[in-house]
Chemist: 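Dropping the structure in here first, questions after.
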Amino acid sequence: MAACEEVDPESPTEPLDIACGLEDVPVGVWPPGARPEPFQYTPEHVAGPGADADPAQITFPGCSCRNGPCVPGTCSCLRHQENYDDDSCLGDLASAARCAPPVFECSALCPCSERCGNRVVQRGLQLRLQVFRTEKKGWGLRTLQPIPRGRFVCEYAGEVVGFSEAQRRIRRQTVHDSNYIIAVREHVSNGQVMETFVDPSRVGNVGRFLNHACEPNLRMIPVRVDSMVPRLALFAARDILPGEELSYDYSGRFLNLMDGDDKERRDDGTLRKPCHCGSRSCAAFLPYDGSLY
């Protein structure tokens with residue numbers, strides 16, 4: 001498993017790197033001397049209890065673009081259109097806000113160059129980010145540099161677990177515990193629903209520090225590289241300025257489209273956690289998935 005030991009306190013000579021050197025870019029912490037709760041860092045998904053597939057296993061056969069660029073029509077990884085533009089930004093972010101189209105990147109078995117334009121998420125973290133202590137939301141994540149709209153920011157990586165394990169872990173939580181578990185449901189053309197459950201609470205990456213916002217500046221898109229286990233990639237939904245906190249909508253309903261399920265109490269009668277995003281369209285409560293309780 002590509003992970004380091006629990007994050008150690010900041011040393012007096014070197015700043016704390018939350019990523020433990022496992023990312024191309026170190027991830028600092030603010031304020032100096034502070035550190036989040038211990039966890040094991042991994043830049044990619046790892047298999048957890050009940051996982052249907054090992055996310056590290058390579059199962060895609062790869063394309064045959066050995067002598068030319070990967071383009072739609074000839075590259076088997078590009079099913080519909082080019083995923084990214086010449087600046088490596090997600091090409092169709094507008095439609096992704098309504099319904100995320102499938103994104104397949106070239107895999108480890110593809111003969112194309114490592115500089116192929118269809119290799120973005122797999123390159124990992126490339127931006128300078130910082131974990132920081134917020135006023136009301138615990139720890140958060142912000143950018144230290146400008147991020148253009150459509151740019152890949154980071155993954156939400158952790159243990160891939162089965163439904164029963166995700167449900168067991170959530171039911172053991174108290175009202176004071178943070179919930180990191182995310183359930184991603186993808187609807188395919190034949191009516192089938194593909195479910196992926198990711199828990200970065202004990203083993204995860206920098207994405208575990210992202211807070212919810214009802215008007216988020218990030219959009220989560222499932223991206224597949226080597227197998228059908230999706231990487232949960234977060235892209236900039238708009239131009240983002242240095243110092244801005246990064247956030248996404250925990251419900252998956254981009255820009256917090258309300259529905260009849262939004263209510264003050266969960267199905268078990270307990271109060272939902274308040275939302276402190278501060279946006280004009282704030283729903284007042286954090287989203288939750290009732291099927292896991």
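FYI, side chains are in, hydrogens and waters are out, and symmetry mates aren't considered; it's all heavy atoms of this structure.
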Chemist: For the pair N217 (side chain) and S247 (backbone), establish whether a donor and an acceptor sit closer than 3.5 Å, ignoring hydrogens and angles.
Modeler: yes
Chemist: Is a donor on one side and an acceptor on the other found under 3.5 Å between the side chain of N83 and the backbone of S88?
Modeler: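 Side chain of N83 to backbone of S88, a donor-acceptor pair under 3.5 Å: no, none is there.
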Chemist: Find out whether P230 and E186 are in side-chain contact, i.e. whether some heavy atom of one side chain is under 4.5 Å from a heavy atom of the other.
Modeler: yes
Chemist: May I ask you to test the P55-V160 pair for a side-chain heavy-atom distance under 4.5 Å?
Modeler: yes
Chemist: Step by step, would you call E159 with R169 a side-chain contact (heavy atoms from CB on, under 4.5 Å)?
Modeler: CA-CA 12 Å; E159 287 185 279; R169 293 184 182 189; 3.0 Å; yes
Chemist: If every non-hydrogen atom of W139 is compared with every non-hydrogen atom of E37, which pair is closest and at what distance?
Modeler: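 It is CD1-OE1, 4.0 Å.
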Chemist: Let me confirm one number: the CZ-OG1 distance from R202 to T42, rounded to the nearest 0.5 Å.
Modeler: 14.0 Å
Chemist: Mind checking whether M228 and V188 sit in one hydrophobic cluster, side chains of I, L, V, M, F, W, Y counted as touching below 4.5 Å?
Modeler: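 The answer is yes; both residues are in one hydrophobic cluster.
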Chemist: Go through the steps to decide whether C275 and F285 satisfy the test side-chain contact (heavy atoms from CB on, under 4.5 Å), and finish with yes or no.
Modeler: CA-CA 5 Å; C275 177; F285 302 100; 5.6 Å; no
Chemist: For a quick test of reading the model, state the closest non-hydrogen atom pair linking Y180 to R208 and the distance between them.
Modeler: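 Looking at all heavy atoms of both residues, the shortest contact is CE2-O, 3.2 Å.
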Chemist: After noting the C-alpha distance and the side-chain angles of R149 and D239, does the key distance pass the side-chain contact (heavy atoms from CB on, under 4.5 Å) rule?
Modeler: CA-CA 5 Å; R149 181 178 183 269; D239 292 338; 3.5 Å; yes
Chemist: Using a strict threshold of under 4.0 Å (side-chain N to carboxylate O), is an ion pair present between E44 and R231?
Modeler: yes
Chemist: Do Q126 and F152 have side chains that approach each other closer than 4.5 Å (heavy atoms only, starting at C-beta)?
Modeler: no
Chemist: Search all heavy atoms of C63 against all heavy atoms of C106 and return the closest pair with its distance.
Modeler: SG-SG, 4.3 Å
Chemist: Can you name the salt bridge (Lys or Arg N to Asp or Glu O under 4.0 Å) partners of E245, sequence neighbours left out?
Modeler: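 Partners of E245 by the salt bridge (Lys or Arg N to Asp or Glu O under 4.0 Å) criterion, ordered by chain and then number, come out as K137.
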Chemist: State whether a side-chain donor-acceptor pair under 3.5 Å links S227 with Q57.
Modeler: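 On atom types as modelled, these side chains do not qualify, holding no pair under 3.5 Å.
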Chemist: Calculate, to the nearest 0.5 Å, the distance between atoms CZ and CD1 belonging to F235 and I147 respectively.
Modeler: 12.5 Å
Chemist: If we only count heavy atoms from C-beta on, is the L141 to Q130 side-chain gap below 4.5 Å?
Modeler: no
Chemist: Can you find a heavy atom in the side chain of S64 that is under 4.5 Å from one in the side chain of S76?
Modeler: no
Chemist: Can R79 be said to sit on top of F104's aromatic six-ring, NZ or CZ under 6.0 Å from centre and within 45° of the ring axis?
Modeler: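 Yes, a cation-pi geometry holds between R79 and F104.
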Chemist: Return yes if some donor-acceptor pair links the side-chain N/O of H212 with the main-chain N/O of Y250 below 3.5 Å, else return no.
Modeler: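 Pair found, side chain donor or acceptor close to backbone of Y250.
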Chemist: What's the separation between atom CG in D54 and atom CG in D226, rounded to the nearest 0.5 Å?
Modeler: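 Here the rounded value is 11.0 Å.
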Chemist: Hey, is R119 close enough to E105 for a salt bridge, meaning N to O under 4.0 Å?
Modeler: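 Salt bridge between R119 and E105, a charged N being under 4.0 Å from a carboxylate O: no.
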Chemist: Grab the two heavy atoms, one from Y84 and one from G117, that are nearest each other, plus how far apart they are.
Modeler: CD1-O, 3.5 Å
Chemist: Would you say the side-chain atoms of D199 pair up with the backbone N or O of A166, donor to acceptor, closer than 3.5 Å?
Modeler: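 The answer is no, because no donor-acceptor pair under 3.5 Å joins these two groups.
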Chemist: Would a 4.5 Å heavy-atom cut-off, applied to side chains only, mark C77 and S107 as touching?
Modeler: no
Chemist: Taking the side chain as every heavy atom from C-beta outward, state whether F197 and E195 have any atom pair closer than 4.5 Å.
Modeler: yes
Chemist: Charged N to carboxylate O below 4.0 Å: is that the case for E215 and R238?
Modeler: no
Chemist: For F39 together with F209, are the ring centres under 6.0 Å from each other?
Modeler: yes
Chemist: Check for me, please, whether Y248 and V184 land in the same ILVMFWY cluster - side-chain distances under 4.5 Å, paths through other members count.
Modeler: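 In one cluster with Y248: V184, yes.
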Chemist: Would you kindly confirm whether L78 and I221 end up in one hydrophobic cluster when ILVMFWY residues are joined by side chain heavy atoms under 4.5 Å apart?
Modeler: no
Chemist: Decide yes or no for L246 and L129: does some side-chain heavy atom of the first lie under 4.5 Å from some side-chain heavy atom of the second?
Modeler: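 The answer is yes; the side chains approach within 4.5 Å.
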Chemist: Measure the CG-CE distance between D249 and M220 for me, rounded to the nearest 0.5 Å.
Modeler: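 These two atoms lie 10.0 Å from each other.
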Chemist: Calculate, to the nearest 0.5 Å, the distance between atoms CG and SG belonging to L127 and C154 respectively.
Modeler: 8.5 Å
Chemist: Using modelled atom types only, decide if a donor and an acceptor are shared between the side chain of D87 and the backbone of C89 within a distance under 3.5 Å.
Modeler: no
Chemist: What's the shortest heavy-atom distance between A19 and V27, and which atoms?
Modeler: CB-CG2, 4.3 Å
Chemist: Quick one: does Q145's side chain have a donor or acceptor within less than 3.5 Å of a partner on R128's backbone?
Modeler: yes
Chemist: Which pair of heavy atoms, one from F60 and one from V225, lies closest together, and at what distance?
Modeler: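 Residues F60 and V225, closest heavy atoms: CD1-O, 3.4 Å.
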Chemist: Does the pair L16 and R35 meet the rule for a side-chain contact (heavy atoms from CB on, under 4.5 Å), with working shown?
Modeler: CA-CA 8 Å; L16 176 65; R35 72 182 185 106; 3.8 Å; yes
Chemist: Nearest 0.5 Å, what's the NE2-SG distance between H276 and C282?
Modeler: 9.0 Å
Chemist: For Q173, give me all partners under side-chain hydrogen bond (donor to acceptor under 3.5 Å, both in side chains), at least two apart in sequence or on another chain.
Modeler: N179
Chemist: Which residues satisfy the side-chain hydrogen bond (donor to acceptor under 3.5 Å, both in side chains) test with N205, sequence neighbours excluded?
Modeler: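 side-chain hydrogen bond (donor to acceptor under 3.5 Å, both in side chains) check on N205 returns nothing, list empty.
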